[in-house]
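First the structure, in the form of structure tokens, and then the observations on it.
Every chain is numbered from 1, with letters handed out A, B, ... down the list of sequences.
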Amino acid sequence: MSEHKTPGVDGPLFKRALLGSLSWLSSNHEEVNRLNVFPVPDGDTGTNMLLTLQSAVEDIKESNAAEVSKIAKLASHGSLMGARGNSGVILSQIFRGFARAVEGKSSLTPAELATAFEEAANAAYRAVNKPTEGTILTVAREAGRAAAAAAASPDATVPRVIAAAASGARDAVLKTPSQLQILRDAGVVDAGGFGLQIILEGMLKTIEESESSLAALAPARPAALPAPSQVSVELPEGGWGYCTEFLIEGSNLDLERIKTQIEALGNSVLVVGEPELVKVHVHTDDPTRIITLAGGYGKLLKLNVGDMSTQHRRILEGAGQAAGAPRSNGVGVVAVVAGRGLVDIFRGLGVDAIVEGGQTMNPSTQDMLTAIESVPYDEVILLPNNKNVILAAKQVLGLTKKNVHVIETHSVPQGVAAVVAFRGDRSGAENLAAMKSEAERVQTIEVTHAVRDTRSNGLKVKKGDVIGLINDKLEFAGTDYGEVVNKALGKLGADSYELVTVYRGEGATDDELQKLESDIRSTHPGLEVEVQQGGQQHYPFILSIE
Amino acid sequence: MKRSFAVVTDSTADLPDAWRERYDIDVVPLKVLFGEETFRDGVDMNNEEFFARLAASSKLPTTSAPSPGEFAELYARLAKDHDGCISIHLGRSLSATVEAARVGAQSVEGFRVDVIDSETVTMPMAFLCQVAAECATLVEASAAVKERIPKCRVLALLDTMRYIEMGGRVSRASAMIGTLLDVKPLLLVAEGEIKPVDRVRTRSRAIPRMVEFFDQDVPVEHVAVVHAQAPEEAERIAADIRSRHPDLEVPVGQIGCVLGTHTGPKALGVVYIKK
């Protein structure tokens, strides 16, 4: 280990350092982008910081200034002009603070460099209205502190101060998830902070080129950086699920056992506490099951179930991450549906529980009762979505303490129309009125094959014929889906409607679907046609006209 | 008498050109990025060009706020012949613009800039500029504008969730929109928050809902109808509102490039300031 005094930070050195930062950030900014908490291709922190830094060094590239102050001033001005996104704006303030601290200086000693890092962080804090810890601000401050500590050592050199700043930044980045709930939940470190760490590392790499003996001090790439698989926060089907938190008060509570059971039902599980009081945190699609399970152990306190989609939006709006109440009107919705695609559609529209069943497999009253009891609301709207289910649905009314309403939806399109009209901020009575009226407004065409020869409604039908029903009534028979559907659309006066939704059943082939679609479009060019995978059995096509 | 303070807003106010001249308002453009190409909203690209390009582009554009430096330059220029400035911007929860303006204002010493987070978007911001411009002093203007911020409403019908979802401002779940079915959300922007107020499957059902919702919020001080490439529908809504409320002027405005990136084409809005 040779001890030798390194020169101070002058203009050319600082210029090289910044160019090094730019090249290092440019190779690593995608890694920063991946740390975004939100699953949207917007506000990419890495890109924003890179573009800001590019703008910061733009004029520097042309400058031969000998004084560090001049280079710092160019960086400050350039970054201010090019700042993008919140991280970019803060980065520009870091440069501004640095430039102020080195004003009038031609070269910096290690101690002066450390002071400039600290001043840079201070300036960033001042620029932000409500500084939040666990962000780039914290990382800037910790980098400054580490630099100051290194500068205080008798054998301080410029590379050592920068190495200390970079490693202070890295340590602070790794701690950010413990400071910010959203990072913890997403399983990532703070992106802006990580970007700053990369900028400092880039400086260090450049300085090191002439100081290879100091390589040992170089911070490793963050070992604990979450793997991309953990980082990419894909939107799961049906949203983010529910963040469920509560305390269990009891005696001799077995933490390990509770933890194992909860882990089977969700993720991001946290079970901590004493045998008398246990705190549980879990992300789950099915909070009811968790609550029921936990209720078996003892008394539940401070129960909080938050829809994480709402939380994400709130976080986006900077309004904090307090978990919202489940649904303000206290009304749940249960629907009877069959077919994988249709189940997903109803779930996507916010139905709380699905009873599998429909045309030929009518669900029992007990099936519906169980679903209603599973919903965490005392008032429940039940949608049978099939005329053969309505009666069984009505039996539920006498079997539960819950206040259940059956809306007599005869078909899938009526059920969809009713659910679309449901609003979580409106009372049960208001919802009922709106949902009924929307269900009545929509027209249903169901297309299937005759299962036997028959005469019905003045029609002679042979087994295997394509038959079309309008609102449950057999109206047309033929040999071709398109022909039958177009006749039915004609009878309904489809041109006075706007939208046809085609729910494709299990039995329909791609060719049949395409032909039907083009038949409808050519006969009714004014109608919008939307195709959904319904996956229902027996009915190759169900159409909703509204 | 010439006003002694300047009025500044940004391009998301969708300020009609005539008002800009009449009230002498400076507009700082946000930016739209199509891939590597950056356009200043309303400067390098007008609404027609934007929506034509949007329709032709396979990848959706993104948007970005003005930089603090751009604000600093404008404020420095205004400082020469004004004794202060009110700078009214797109809600903080929707964009970094306010923050950029605030940072930009810090760098112009000795010039008072009241940076206002309007907590809203599109023409309520234009109305706030109008209110400010009609005040005699900067102090009065700031007070008059701040008093109205909680009363600003933007009721928006999007033709599709695609654009707003890609922009990350609203998720399908938070808009009560199923992930599969094409449902049109009716959204309300109030006090910086975007809330779903209804969802419908067809435009013809949605438009009367918007007007009904608006009727419940009457009396209002100002109202406008804004649209993205849907002028006939916007005119019809405006005429409907005028016929029910003959005392109200109902200007029709166009949604600009940056806001259009998030709403997509065929968006409609009834926007107003409650009394």
Heavy-atom check, side chain of [X] versus side chain of [Y], under 4.5 Å:
X	Y	value
Arg201(B)	Glu438(A)	no
Pro68(B)	Val89(A)	yes
Val420(A)	Val200(B)	no
Asp425(A)	Val197(B)	no
Arg423(A)	Pro196(B)	no
Leu181(B)	Tyr503(A)	yes

If you count every heavy atom of other residues, nucleotides or ligands that lies below 6.0 Å from Arg426(A) atom CZ, does the total exceed 12?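 Yes, enclosed.
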
Take atom NE2 in His29(A); do more than 12 heavy atoms of anything else shown fall under 6.0 Å from it?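 Buried by this count: over 12 neighbours within 6.0 Å.
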
Which heavy atom in Arg199(B) sits nearest to a heavy atom in Val419(A), and how many Å separate them? NH2-O, 2.5 Å

Which atoms of Thr97(B) are under 4.5 Å from chain A, going by heavy atoms: the side chain, the backbone, both sets, or neither? neither

Would you mind checking which part of Thr202(B) comes under 4.5 Å of any heavy atom in chain A, side chain (CB onward), backbone (N, CA, C, O), both or neither? both

[atom1]/[X] to [atom2]/[Y] distance, rounded to the nearest 0.5 angstrom?
X	Y	atom1	atom2	answer
Arg205(B)	Glu498(A)	CZ	CD	10.0 Å
Gln93(A)	Gln106(B)	CD	CD	6.5 Å
Leu499(A)	Lys184(B)	CG	NZ	7.0 Å
Asn48(A)	Ser64(B)	CG	OG	7.5 Å

Measuring heavy-atom distances to chain B, does Thr501(A) have an atom under 4.5 Å in its side chain, in its backbone, in both, or in neither? side chain

Quick check on Gln533(A) against chain B: is it the side chain, the backbone, both or neither that has a heavy atom closer than 4.5 Å?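 Neither the backbone nor the side chain of Gln533(A) comes within 4.5 Å of chain B.
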
Can you tell me which of Thr52(A), Val416(A), Leu80(A) forms the most heavy-atom pairs within a distance under 4.5 Å of chain B? Leu80(A)

